[in-house]
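Shown next, in structure tokens, is the structure this report addresses.
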Amino acid sequence: MLVPVCYALVIFACNTTLNTPLNLAVMCLERYIAICYPLRHSQICSLQRTYIAIGVIWFIGFIPPITDLFIVLAVEQTSFFSTSIYCLRETLLRLSYQFDKRLYLKILYFSVVWLVIVCTYLRIMFAARSASSSEKTSAKKARNTILLHGLQLLLAMLTFIAPFTDNFFLSLPPEMLLDLHYTRYFLVYIIPRTLSPVIYGLRDENFRKHLKGHLPCFQNPVAPSKASHNHSLGK
């Protein structure tokens, strides 16, 4: 793949990977505001501020890969960008300290998100103790949502082990590498990102009702009536 095309894809992929934990942190904060500050929820979590939060998340996610690209521009010749390479994230890492920077940034990202998840969970749990019966139901749902976000974050942290599997893959036959890389990509990157829409979709009553109506396993078989059965026998 041409170097500019590869770098554009890698930068976008790195951004979406870094966005995953930040999205979970923002969603936990939204649940915390909804339970602990219900009267101010519509004011704090307005549509305009939601767009601003999404923009900030994408901006933060672009910072690490863009800085790596600037380093490549500084250390490589112009002719390098007219060549074709095997497209991997490591092609953006031309200096040894970039590997350390990537590791420290991941640790920082996940540490901050874990802190947000734990703090919001504890605050919601304390708020539920002094709430009324109707509010306790909402608080319980919020706690379950945050626990699900914690599970998603654990799956997202599988990105830590992805680079360490490369040395193991090198000892395997070459014909297995393509399947193993695809399997790792699916487990480490795809599944954690698909959990959010699936979880929120299945927890919505209207969506769940329509989903059951379209799945064959939830549909009741229609038995023929006696009238139609007798009519067919008469023929």
Practice task
Answer yes or no: is there a side-chain heavy-atom contact under 4.5 Å between Y104 and L108?
Solution key: no

Problem - F81 side chain reached by V72 side chain, heavy atoms, under 4.5 Å - result: yes

Handout entry: In one Ile/Leu/Val/Met/Phe/Trp/Tyr side-chain cluster, 4.5 Å: L73, I66
Key = yes

Fill in the blank from the handout: When rounded to the nearest 0.5 Å, the distance separating CD of E30 from CD1 of I35 is 9.0 Å

Problem - Distance in Å, L24 CG paired with I146 CD1, rounded so as to fall on 0.5 Å steps - result: 11.0 Å

Problem - Common cluster, V3/V10, ILVMFWY with side-chain heavy-atom separation under 4.5 Å - result: yes

Handout entry: Separation of L69 CG from F62 CZ (nearest 0.5 Å)
Key = 11.5 Å

Exercise for the section: Give a yes or no on this: more than 12 heavy atoms of other residues, nucleotides or ligands lie within 6.0 Å of atom OH of Y185. Expected result: no

Exercise for the section: Work out which heavy atom in C6 is nearest to a heavy atom in I85; give both atom names and the distance. Expected result: SG-CD1, 4.0 Å

Completion exercise
Here the gap from T120 atom OG1 to L115 atom CG, rounded to the nearest 0.5 Å, amounts to 9.0 Å

Completion exercise
CD1 (I124) and CD1 (I33) are apart, to the nearest 0.5 Å, by 10.0 Å

Handout entry: Cluster overlap Y51 with F59, hydrophobic side-chain contacts below 4.5 Å
Key = no

Practice task
Compare all side-chain heavy atoms of V116 with those of Y121 and state whether any distance is below 4.5 angstrom.
Solution key: no

Practice task
Examine I63 and I11 and state if one hydrophobic cluster contains both, with Ile, Leu, Val, Met, Phe, Trp and Tyr joined whenever side-chain heavy atoms are less than 4.5 Å apart.
Solution key: no

Problem - Student check: side-chain heavy atoms of D68 and R102 closer than 4.5 Å - result: no

Handout entry: Hydrophobic cluster (4.5 angstrom, side-chain heavy atoms) - remaining members for I52
Key = L18, L22, V26, V56, I57, I60, L105, Y109

Problem - P65 versus G61, closest heavy-atom pair with distance - result: CD-O, 3.3 Å

Handout entry: Nearest-0.5 Å distance, OH of residue Y37 to CG of residue L39
Key = 12.0 Å

Exercise for the section: Ignoring hydrogens and angles, tell me if any N or O in the side chain of S82 forms a donor-acceptor pair with the backbone of T78 under 3.5 Å. Expected result: no

Practice task
Would you check, one step at a time, whether the test side-chain contact (heavy atoms from CB on, under 4.5 Å) holds for F12 with T17?
Solution key: CA-CA 9 Å; F12 182 77; T17 300; over 6 Å; no

Problem - In one Ile/Leu/Val/Met/Phe/Trp/Tyr side-chain cluster, 4.5 Å: Y7, M1 - result: no

Exercise for the section: Kindly indicate whether the side chain of T67, heavy atoms from C-beta on, has any atom under 4.5 Å from the side chain of I71. Expected result: no

